[in-house]
Amino acid sequence: MGNQYRAPIYEALEEFRKNRVVPFDVPGHKRGRGNPELVRLFGKQCVELDVNSMKPLDNLCHPVSVIKEAEELAAEAFGAAYAFLMVGGTTSAVQSMVLTASKKGEKIILPRNVHRSVINALVINGATPIYVNPDVDKKLGIALGMKISQVEKAIEENPDAVAILVNNPTYYGICSNLKKIVELAHSHNMMVLVDEAHGTHFYFGEDMPISAMAAGADMASVSMHKSGGSLTQSSFLLTGPGVSPGYVRQVINLTQTTSASYLLLASLDISRRNLAIRGKEAFAEVERIADYARTEINKIGGYYAYGEELINGDSVYDFDTTKLTVYTLDIGLAGIEVYDLLRDEYDIQVELGDIGNILAYISIGDRMRETERLVSALHDIRRRYQRDKTGLLDREYISPQVVMTPQEAFYSAKEEMIPIEQTEGRICTEFVMCYPPGIPILAPGERITREIIDYILYAKEKGCSITGPEDEKVERLNVIKERL
């Protein structure tokens, strides 16, 4: 058993600071001396620890000392066989999972409401996605989890698939029957990959949905900076005992930087220690705050802060109650409109505003006082801005029509850029998505329908941040020249 009170990378950095080493290496700011504005912004202590890999501090590409020890402590804390410190965000961890499990021509089963990082990985490696189109909650307009019957059908029709990828939880807090999916996949010699970007707390809180490692998954991407308290862009990639750690490291090193930030690495180390020691109590408080806010918001009228009542034992097998997601259409405002009002009129920044919902991300840094301010602001928005909801779109997720693999479409030599209004029936060669949440409305290789065009135009009109297309104004899309 490792000592979870240790933080090896942090300890090594502290020792390094005491030694006052003269730097003739990178980074070029030389502990901040060459860039005084940087020091003023971030502080002397922070900039002095922005250092390069060296023997006393180990090397993320091939750890043998303090980073290796930090990874071992993380693996123990998360109940994994191995843990890898990731400095390219959970995007990098998700892509490493897909690149480890599949290659060109192989099939991977996944829900279509995945983060863009999953489909980006398929563009890179040429694997073929077998989409399970999830059910949609008719009121909320959001995609749900994968039904067991849907997974069974996908396996039956694609027995040669090499892996199944699961979102658990989704951005909206929806959890699938992960343990059963793992059993099904393993009985057919398929790996299970879990995008657990929003589920760090599952490993440390009590009475929470099952974590990927506890369910027996082969790999999981855990976004430590989201609910775990580390610095933005830091993440963990966890693996089970049946996955070769040496091969995973090779895959990670295909794309991850060779100049890893020790600020990010130390933040992962310290945050793992914090959760291992205090996580149970910290996440109990998170749940208490989220439950309070959900109750108070539902008392306002017009809003719907949803929770465990959505559980149906299948497409919503469980629910992450730390997610404070609020349906807004019944007050006549799109989620993105409430998002903008909270920021512009009340100085409150929530995580997400989409067509019908907002998400206030409650985590270990939140306090009841700020939560009460959010509840009060929502009450005031309803009083001041409520209107008739006629004409509002109410569907967040649209099932795609897949024609080509993402790689075939993205790298197609025959493409043209045309106005969005003229793209109906054509095959898209690029991504279109609202960010957040970063779930593609369109991905390369999918047919553009009238419903999708209307959705994109509506999202633009409402002020959603649309990313992905080559055209930065999102007025034109790249499509295959010849109709298929």
Side-chain angles (χ1 to χ4, degrees), residues 1-2 4-5 7 73-80 83 90 93 145 166-179 181-182 194-217 219-231 234-238 240 267-296 305-311 313 316-326 351-352 359-368 370-371 374:
M1 293 288 287
Q4 290 295 330
Y5 285 83
L73 287 169
E76 182 182 282
F78 283 87
T90 309
V166 187
N167 298 324
N168 203 72
T170 68
Y171 225 138
Y172 303 91
I174 307 296
C175 298
S176 298
N177 188 346
L178 189 55
K179 192 172 180 62
I181 291 172
V182 169
V194 183
D195 182 348
E196 212 166 22
H198 300 280
T200 304
H201 45 292
F202 289 2
Y203 291 89
F204 301 97
E206 280 193 318
D207 301 320
M208 290 192 173
I210 193 169
S211 69
M213 290 296 104
M219 304 181 77
S221 300
V222 180
S223 197
M224 193 67 167
H225 71 92
K226 288 187 171 70
S227 62
S230 65
L231 291 178
S234 57
S235 182
F236 282 119
L237 175 59
L238 309 176
S267 83
L268 281 169
D269 201 19
I270 292 168
S271 299
R272 180 271 313 153
R273 180 178 68 178
N274 181 50
L275 296 187
I277 297 169
R278 309 179 190 91
K280 180 179 173 182
E281 296 78 12
F283 288 120
E285 178 64 9
V286 169
E287 285 196 287
R288 188 178 78 87
I289 292 172
D291 287 344
Y292 164 82
R294 188 175 291 109
T295 299
E296 294 302 310
Y306 38 97
E308 290 178 312
E309 70 279 359
L310 295 183
I311 294 174
V316 187
Y317 184 76
D318 209 341
F319 187 84
D320 176 12
T321 56
T322 72
K323 297 291 183 293
L324 181 59
T325 316
V326 183
E351 170 69 12
L352 145 72
L359 168 62
Y361 214 99
I362 310 294
S363 194
I364 58 176
D366 286 293
R367 300 293 179 264
M368 191 64 78
E370 288 80 10
T371 308
L374 171 64

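No experiment lies behind these values; they were computed from the predicted model shown.
I174 and G145 make their closest contact through CG2-N, 3.4 Å (heavy atoms, listed as atom of the first residue, atom of the second, distance). R294 approaches Y306 most closely through the heavy-atom pair NE-O, 3.1 Å. The shortest non-hydrogen separation linking V194 to A217 is CG2-CB, 3.7 Å. Residues I210 and N168 share a closest heavy-atom pair of O-ND2, 3.7 Å. The heavy-atom pair separating S234 from L268 by the smallest distance is CB-CG, 3.5 Å. Summarising the geometry of A83 relative to A74, their closest heavy-atom pair is CB-CB, 3.8 Å, with the distance given to 0.1 Å.
Once rounded to the nearest 0.5 Å, the distance linking CD1 of I277 with CD of Q4 reads 8.0 Å. Here N274 contributes atom CG and S230 contributes atom OG; the two are 10.5 Å apart, rounded to the nearest 0.5 Å. Between atom OG1 of residue T325 and atom CG of residue L359 there is a gap of 4.5 Å, rounded to the nearest 0.5 Å. One distance of note links CD of E370 with CD1 of I289; it measures 8.5 Å at 0.5 Å rounding. Expressed to the nearest 0.5 Å, how far OG of S211 lies from CG of L178 amounts to 8.5 Å. The distance from the OH atom of Y171 to the CG atom of L352 is 6.0 Å, given to the nearest 0.5 Å.
Among residues at least two apart or in separate chains, salt bridge (charged side-chain N to carboxylate O under 4.0 Å, His left out) pairs with a member in residues 276-286 are E206-K280, E285-R288.
Taking Y317 as the reference, nothing meets the ring-ring contact (aromatic ring centres under 6.0 Å, His included) condition, with sequence neighbours excluded. Residues that satisfy the side chain to side chain donor-acceptor pair (under 3.5 Å) test with H201, not counting sequence neighbours, are S227, D320, T322. Taking the side chain to side chain donor-acceptor pair (under 3.5 Å) definition, one finds that T321 meets it with E287, sequence neighbours left out. Taking S223 as the reference, T90, A197, H225, K226 meet the side-chain contact (heavy atoms from CB on, under 4.5 Å) condition, with sequence neighbours excluded. In this structure Y203 satisfies the side chain to side chain donor-acceptor pair (under 3.5 Å) test together with E196, sequence neighbours excluded.
Contact check for L374 versus L324: side-chain heavy atoms found under the 4.5 Å cut-off. For the pair I364/F283, a side-chain contact is recorded, criterion being any heavy-atom separation below 4.5 Å from C-beta on. Under the 4.5 Å side-chain criterion, counting only non-hydrogen atoms from C-beta, H198 is not in contact with T170. Side-chain contact between F202 and P169 is present, with heavy atoms from C-beta onward closer than 4.5 Å. M224 is listed as a side-chain neighbour of L275, based on a closest heavy-atom distance under 4.5 Å. Residues Y172 and K323 have side chains not in contact (no heavy-atom distance under 4.5 Å, counting atoms from C-beta outward).
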For this session: Under the side-chain contact (heavy atoms from CB on, under 4.5 Å) rule, what do L238 and V222 come out as? Steps first, then yes or no, please.
Result: CA-CA 7 Å; L238 309 176; V222 180; 3.6 Å; yes
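Side-chain atoms of D366 do not come within 3.5 Å of backbone N or O of V286 as any donor-acceptor pair. Without hydrogens or angle criteria, E76 side chain to G2 main chain gives a donor-acceptor distance under 3.5 Å. Looking at R272, its side chain never comes within 3.5 Å of a backbone N or O of A75 through a donor-acceptor pair.
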